[in-house]
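Scroll down for the structure; my scribbles are underneath it.
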Amino acid sequence: MKKVAVIMGSDSDLPVVSKAVDTLKEFGVPCEVHVYSAHRTPMQAMEFTQAARDNDFGCIIAAAGKAAHLAGAIAAQTTLPVIGIPVKSSTMDGLDSLLSTVQMPSGIPVATVAIDGAKNAALLAIQILAVTDAELAEKLNKDRKAATAKVLAADEAVASKYNS
Ligand code: RP5
């Protein structure tokens, strides 16, 4: 199976990013986690990204806050799919990170999830790998069925409390 790279701009992003790592682990998807900053360690970010396809990665998740150019800078160095997580790490409630990550000019796409949307970033990475992995696709189906069952149970509990 291809690996997923999980890159964050600062270790202060880890409380958010760890949810992506946890989800990848739940699905048995191998991942590598790094702190590479687009402005503090741009050379390391570039070297890792340029080698990522040869090093058996299938997808890259990049999380950053504030002027969050990390995902775009990484996407510029690879044709692997890049998923951006805008991290809420400033006084602007994450709107700065969201716009910095999502508003990529035409030509270099970044698939951006919600502010602090680390779990969805991991699920999207898994869905990308599952295009060519039927076993992984089946795990995704099971996970969705479990989520459906949970909501149906919640509906039953709420309905029986208020509708009788
Ligand atoms: C970004 O600036 C990081 O991704 C982080 O979200 C934010 C703050 O970084 P630190 O000052 O906490 O290292 O580059």
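Both counts, for ligands and for their atoms, begin at 1 and track the order of listing.
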Distance-only donor-acceptor hits, side chain of residues 41-54, under 3.5 Å, sequence neighbours excluded:
{"from": "T41", "atom 1": "OG1", "to": "S37", "atom 2": "N", "distance (Å)": "2.8"}
{"from": "T41", "atom 1": "OG1", "to": "S37", "atom 2": "O", "distance (Å)": "3.4"}
{"from": "T49", "atom 1": "OG1", "to": "A45", "atom 2": "O", "distance (Å)": "2.7"}
{"from": "Q50", "atom 1": "NE2", "to": "Q77", "atom 2": "OE1", "distance (Å)": "2.8"}
{"from": "R53", "atom 1": "NH2", "to": "T79", "atom 2": "O", "distance (Å)": "3.4"}
{"from": "R53", "atom 1": "NH2", "to": "T79", "atom 2": "OG1", "distance (Å)": "2.8"}

Let me check something: any side-chain donor-acceptor pairs from residues 136-154 under 3.5 Å, sequence neighbours excluded? List them with distances.
{"from": "K139", "atom 1": "NZ", "to": "F27", "atom 2": "O", "distance (Å)": "3.1"}
{"from": "R144", "atom 1": "NH2", "to": "Q127", "atom 2": "OE1", "distance (Å)": "3.1"}
{"from": "T148", "atom 1": "OG1", "to": "R144", "atom 2": "O", "distance (Å)": "2.9"}

Given side chain to side chain contact (heavy atoms under 4.5 Å, CB included), test I85 with D13 step by step and report yes or no. CA-CA 10 Å; I85 308 174; D13 299 321; over 6 Å; no

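Atom CE of M92 sits in a sparse spot, with 12 or fewer heavy atoms from other residues, nucleotides or ligands closer than 6.0 Å.
Under the side-chain contact (heavy atoms from CB on, under 4.5 Å) criterion, A71 pairs with A62, V82, T101, V110, sequence neighbours left out.
Between the CD1 atom in I61 and the CG atom in L124 there is a gap of 8.0 Å [rounded to 0.5 Å].
For ligand 1, the 4.0 Å heavy-atom shell takes in G9, S10, S12, D13, H39, R40, A64, G65, S89, ordered by chain and residue number.
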